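Structure first, then comments.
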Amino acid sequence: MSLLDRFRSGLQRTRERMEQTLGAALGRRGAIDEATRAALEEALLAADAGPAAAERLMDEAERRMRADPALDLRHALERGVAQLMGATRARFTPGAERPWVALLVGVNGVGKTTLAGKLAAGFARDGRSTLLVAADTFRAAATEQLEVWASRAGVELVRARDGADPAAVVHDGLSAALARGHEVVLVDTAGRLHTKRNLMAELEKVGRVCARLVPGSPHHVLLVLDATLGQNGLQQAREFQRATPITSLAITKLDGTARGGAVLAIADQLKLPVSVVGLGEGLDDWQPFDPEAFARGLFE
Amino acid sequence: MFEALTDRLQGIAKRLTGQGKLTPENIRESLRDVRRALLEADVEVAVARDLVARVEARAVGDEVLRSLTPGQQVVGIVREELESLLGHAPVTLAGSPHVPTVVLLAGLQGSGKTTFAGKLARWLGGRDKRVMLASADVHRPAAIDQLARLAGMAEAGFWRAPEGAAPEAIAGGALDEARRRGFDFLVLDSAGRLQIDEPMMAELETLRRASRAHQVLLVMDGMTGQEAVRVGRAFAGRVGVDGLVLTKMDGDARGGAALSLRQATGKPILFLGVGEKLDGLEAFDAARIAGRILGMGDIVGLVEKARAAVDEQQARRLVERARKSEFTLEDFLGQLQQVRKMGPLDELMKLMPGVPRQALAGAVPDEGKLRRYEAILLSMTPRERRLPRVIDGSRRRRIAAGSGTTVTEVNRLLKDYDQARALMKQMRHGPRGLASLRGRMR
Ligand SMILES: Nc1nc2c(ncn2[C@@H]2O[C@H](COP(=O)(O)OP(=O)(O)OP(=O)(O)O)[C@@H](O)[C@H]2O)c(=O)[nH]1
Ligand SMILES: [Mg+2]
């Protein structure tokens with residue numbers, strides 16, 4: 001057997017042991033012993049909470065269990081998570097501004113375009129005249145992709161040539177919205193890694209163009225995160241926050257088995273609320289964020 | 001300078017060495033930090049736990065207990081274990097004896113398959129292979145257009161199936177077409193899918209069969225967290241996976257998913273995606289990723305960037321000296337002067353994954369600090385620079401006065417130097433023939 005094979009078969013045992021201890025541990029009440037604490041930590045880590053947030057949530061669960069001896073571990077944890085995630089709340093809903101302008105931002109491939117399509121469809125269905133702006137002029141066929149979503153959602157689209165300046169497209173989009181009296185403008189931006197200085201500057205510029213054409217806008221900046229994301233989430237949120245102040249977070253792809261626990265650290269450190277979740281590739285596959293349901297989902 | 005693991009491990013190393021005697025207990029204690037570093041790098045919990053157990057088993061052995069530098073030994077063992085699990089030998093994409101060699105790309109939604117298809121076509125093209133691309137992604141809007149565009153940029157062949165063709169028919173048709181036109185490689189892109197989506201996984205199996213794929217490559221986002229193991233296991237179990245690709249590694253994610261995927265599939269990691277453009281592709285290098293996972297940063301990347309920006313000769317000399325642990329304050333001064341020439345430091349620091357941004361704010365020396373450091377170094381005698389340990393209290397006062405700074409600042413410089421030197425000792429691997437930095441910056 002090769003080293004890797006040996007390692008892998010050992011791992012299977014480790015994992016089974018972990019699942020057993022956790023199953024037993026979650027039903028426990030009263031004082032938490034070392035073994036339970038370890039099992040608990042692993043459950044939180046397995047959900048991508050990360051070492052720091054995991055520790056904080058464990059302490060919080062312990063505190064709750066001391067205060068209420070009837071409370072079992074699972075519920076203590078869930079309440080802690082729900083409290084953390086519900087501490088600040090946000091809805092992705094247009095305000096009274098005309099037009100109400102929102103940007104969707106995030107790293108590559110997280111689901112910005114898909115979510116923009118879904119949200120536009122939702123607004124259109126509510127009878128709001130909605131405009132999609134295709135500000136991803138970099139990725140091949142990004143505009144064509146959004147075009148399909150615009151027609152699915154039954155909304156108008158403003159587009160530009162590939163390689164055009166995104167800020168210029170946003171300028172055109174907002175001018176069109178003002179001229180045609182659209183109520184809602186959703187801007188789909190190109191995926192970008194938060195470490196790329198020039199691309200973050202480009203985003204800043206988009207924000208400035210919004211503010212110049214529609215004072216006070218963008219009214220909502222939605223940072224889109226993929227549920228499979230690990231500990232890099234916090235860095236992403238920090239850097240995007242710096243370029244365009246983030247209003248709320250979206251977690252996509254929660255229809256898979258990843259639980260999106262990376263937002264725990266973000267909520268903990270940056271006090272950013274989650275507003276929507278993506279649950280598939282269909283037009284209706286999204287929901288407003290529910291902290292309690294999210295908390296229950298974490299330890300399923 | 002680097003808040004990450006290097007510091008902590010060096011601290012431990014000092015502590016351990018300082019005690020003179022090493023016990024299994026203090027090894028265990030130090031390994032807790034290693035575990036944390038692995039978890040922060042997104043290595044799966046069980047993988048991290050077992051890795052630490054293996055290191056511990058080796059570290060409490062005689063070899064380390066009797067060693068004069070036990071701390072460094074432990075760090076060395078950690079790296080060795082990591083590297084061997086990541087796979088030592090460089091692997092490349094194997095061609096099959098029958099043309100075309102068919103490579104099927106698979107993975108979750110948004111993992112970077114389509115972009116990678118374009119990069120692979122360019123990479124193979126650069127090796128005088130004739131490549132045809134085709135897309136069986138009938139699910140995501142405009143996915144086929146995206147690949148067509150990339151094929152054009154990569155100057156590769158492209159085959160578009162008749163409108164409305166099912167994925168299976170596309171796979172078969174692409175294979176026929178590639179054969180007919182005598183391509184060496186057919187790279188078949190597929191739609192992103194969740195590993196729990198049964199009909200879609202069945203579709204992937206069909207694609208594998210219909211395309212007679214020689215190699216199925218699982219393409220995974222390098223920022224993936226704990227989920228990587230589940231995904232890797234499911235794809236490997238259900239359709240079979242022959243190699244791994246980790247994308248978006250030009251960011252600052254530490255890339256622990258690499259380790260999780262390796263152990264979940266047992267297959268080699270072939271490529272790293274490092275940029276949105278087609279030249280953003282690198283061959284996998286276990287040593288670099290091991291360092292990155294441990295938070296030691298991408299030192300090779302850093303050196304490369306330095307080489308691109310400064311005197312090539314001098315950079316190479318520096319690496320040589322660093323490897324031999326001869327890095328003195330003279331070198332430190334030279335490096336400082338280079339750094340000042342090199343421009344924006346924070347850009348450079350971003351090549352060091354795992355360095356928290358806020359830490360960076362304070363850690364990245366501003367121009368003023370660099371200038372003061374230079375003044376301090378210039379106020380030392382050449383002998384002091386070559387033999388920093390002779391710099392005692394009274395010499396420190398003299399240097400501070402001579403450079404118009406304070407003793408605190410002199411002390412800080414000496415500490416920074418110590419850390420830089422410790423870091424460089426970790427650098428057992430110099431720069432290798434790697435892709436140029438252009439891929440990192442689009
Ligand atoms: N299962 C699932 N897939 C999703 C969800 N949201 C988006 N996707 C898929 O994820 C992939 C990437 O989505 P996009 O909307 O193109 O992502 P993006 O952030 O716009 O990508 P770039 O513009 O390339 O950075 C597509 O295949 C989508 O169909 C979701 O909630 N669940
Ligand atoms: Mg997009």
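Here is the naming used below: chain letters follow the sequence lines, and residue numbers restart at 1 for every chain. Both backbone and side-chain heavy atoms feed into the values below; hydrogens, waters and symmetry mates do not. Please read these numbers as outputs of a predicted model, since none were measured by experiment.
A salt bridge links Glu41(A) with Arg35(B); the closest basic N to acidic carboxylate O contact falls under 4.0 Å.
Of all the listed residues (Thr114(B), Asp42(B), Asp145(B), Val231(B)), the one sharing the greatest number of non-hydrogen pairs under 4.5 Å with chain A is Asp42(B). Chain A forms the most heavy-atom pairs under 4.5 Å with one residue out of Asp221(B), Leu147(B), Leu194(B), and that residue is Leu194(B). The choice from Gly117(A), Pro51(A), Gly111(A) that makes the most heavy-atom pairs within less than 4.5 Å of chain B is Pro51(A).
Looking at every heavy atom in both residues, Ala140(A) comes nearest to Gln146(B) through O-CG, 3.2 Å. Taking both residues in full, the closest heavy atoms of Val45(B) and Ala46(A) are given as CG2-N, 3.8 Å, listed atom of the first, atom of the second, then distance. Scanning all heavy atoms of the two residues, the minimum distance from Gly110(B) to Lys253(A) falls at CA-NZ, 3.9 Å. Of all heavy-atom pairs between Met223(B) and Val107(A), the closest is CE-CG2, 3.8 Å. Closest approach of Asp48(A) and Gly225(B) over heavy atoms only: OD1-CA, 3.4 Å. In this structure, Glu40(B) and Gln231(A) approach most closely via the heavy-atom pair O-CB, 3.3 Å.
Proximity to chain A is absent for every atom of Ile144(B), based on heavy atoms less than 4.5 angstrom apart. Contacts of Ile196(B) with chain A are made by side-chain atoms alone, with heavy-atom separations under 4.5 Å and no backbone atom involved. Of the two parts of Ala52(A), the backbone and the side chain both hold a non-hydrogen atom closer than 4.5 Å to a non-hydrogen atom of chain B. No part of Ala41(B) comes within reach of chain A, as not one of its non-hydrogen atoms sits under 4.5 angstrom from that chain.
More than 12 heavy atoms of other residues, nucleotides or ligands lie within 6.0 Å of CD in Glu204(A), so this atom counts as buried by the packing criterion. The number of heavy atoms from other shown groups lying within 6.0 Å of CD (Glu163(B)) does not exceed 12.
We find the CD-CG distance between Glu281(A) and Asp197(B) to be 8.0 Å, quoted to the nearest 0.5 Å. The line from OG1 of Thr195(A) to NZ of Lys248(B) is 12.5 Å long, rounded to the nearest 0.5 Å. For the atom pair CD of Gln109(B) and OG1 of Thr228(A), the computed distance is 9.5 Å after rounding to the nearest 0.5 Å. Distance check: Leu108(B) CG to Asp226(A) CG gives 8.0 Å after rounding to the nearest 0.5 Å.
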Distance-only donor-acceptor pairs under 3.5 Å for side chains of residues 255-267 of chain A, two or more places apart:
| residue | atom | partner | partner atom | Å |
| --- | --- | --- | --- | --- |
| Thr257(A) | OG1 | Gln195(B) | NE2 | 3.0 |
| Thr257(A) | OG1 | Glu227(B) | OE1 | 3.4 |
| Thr257(A) | OG1 | Glu227(B) | OE2 | 2.4 |

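With contacts defined as side-chain heavy-atom distances shorter than 4.5 Å, the pair Asp250(B)/Lys196(A) qualifies.
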